[in-house]
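For ligands, and for the atoms within them, numbers begin at 1 and follow the listed sequence.
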Amino acid sequence: MFAKACLLAALSLASVSAFAAECETTVDSTDTMTFSTDEITVSKQCKTFTVHLTHSGGLPAQVMGHNWVLSKADDAVPISTDGMDGGFENAYLKPGDTRVIAHTKLIGAGETDSVTFDVSQLDPAQAYTFFCSYPAHISRMKGTLKVIPG
Ligand code: CO
């Protein structure tokens, strides 16, 4: 119990410092198929951007798995649909799907994973979507990633 409180405190501190740096953020996921945010802003001043995914629920990845997948907005639903064939062992992504810009692994309760991607490949004029590719989760677990010049 005490250890869990310490971990939560550490995560809160990490979020605060991440906000100051603006080149990383923490996204929490839950047993009710939600992300803690539906919008992430990435500055082109960042060389790379890192997303730390956490899962504060109680269910394992097999039944309430979450990943954080980034793609162009128009690619999100097709990636999610094709990802069902990839199955659990491929984190519900089609292996080698070049439409995926970045993704974490699929995690369950108490697990974390991070992904770092190159900001130079992102275009401020392009709309990007982040989502969870676990079957049907995109209906509730999706958001907008905005790229700003400064
Ligand atoms: Co999910």
Side-chain angles (χ1 to χ4, degrees), residues 1 3-19 21-43 46 48-119 121-123 126-148:
M1 201 63 181
K4 192 177 181 189
C6 283
L7 177 64
L8 287 174
L11 286 172
S12 304
L13 283 173
S15 302
V16 169
S17 61
F19 182 75
E22 290 183 350
C23 295
E24 60 182 313
T25 193
T26 298
V27 177
D28 184 47
S29 58
T30 67
D31 281 348
T32 52
M33 283 168 50
T34 58
F35 281 135
S36 55
T37 182
D38 61 6
E39 186 173 293
I40 295 172
T41 301
V42 175
S43 167
C46 298
T48 62
F49 193 88
T50 300
V51 172
H52 306 285
L53 179 66
T54 62
H55 190 317
S56 60
L59 297 169
Q62 286 82 356
V63 293
M64 190 49 73
H66 302 311
N67 55 9
W68 186 93
V69 181
L70 177 65
S71 72
K72 290 179 179 174
D74 290 346
D75 290 338
V77 169
I79 290 169
S80 172
T81 302
D82 293 347
M84 287 184 209
D85 294 335
F88 180 78
E89 55 279 5
N90 292 303
Y92 295 105
L93 288 171
K94 185 174 78 176
D97 193 331
T98 55
R99 298 168 298 184
V100 174
I101 296 169
H103 71 92
T104 67
K105 65 181 188 183
L106 194 74
I107 64 170
E111 297 177 323
T112 66
D113 193 39
S114 299
V115 62
T116 299
F117 51 92
D118 192 349
V119 174
Q121 68 186 315
L122 302 179
D123 178 359
Q126 172 69 49
Y128 297 95
T129 294
F130 64 86
F131 60 99
C132 171
S133 71
Y134 190 101
H137 284 200
I138 193 171
S139 62
R140 285 171 55 82
M141 303 187 76
K142 63 169 182 273
T144 301
L145 186 137
K146 276 172 49 178
V147 183
I148 57 171

Rounded to the nearest 0.5 Å, what separation is found between the [atom1] atom of [X] and the [atom2] atom of [Y]?
{"X": "Ile101", "Y": "Lys72", "atom1": "CD1", "atom2": "NZ", "answer": "7.0 Å"}
{"X": "Ile40", "Y": "Thr25", "atom1": "CD1", "atom2": "OG1", "answer": "5.5 Å"}
{"X": "His52", "Y": "Thr116", "atom1": "NE2", "atom2": "OG1", "answer": "7.0 Å"}
{"X": "Thr34", "Y": "Arg140", "atom1": "OG1", "atom2": "CZ", "answer": "6.5 Å"}

Open item on the list: Let's test this: below 2.8 Å, count the protein N/O/S atoms around the Co ion (ligand 1).
Closed with: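 Of the protein's nitrogen, oxygen and sulfur atoms, 4 lie under 2.8 Å from the Co ion (ligand 1).
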TODO: State plainly whether the residues Asp97 and Arg99 are in salt-bridge range, i.e. N to O under 4.0 Å.
DONE: yes
TODO: Determine the interplanar angle of the Phe35 and Phe130 rings, folded into 0 to 90°, and report it as parallel if under 30°, tilted if 30 to 60°, perpendicular if over 60°.
DONE: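 Geometry flag for Phe130 against Phe35: tilted rings.
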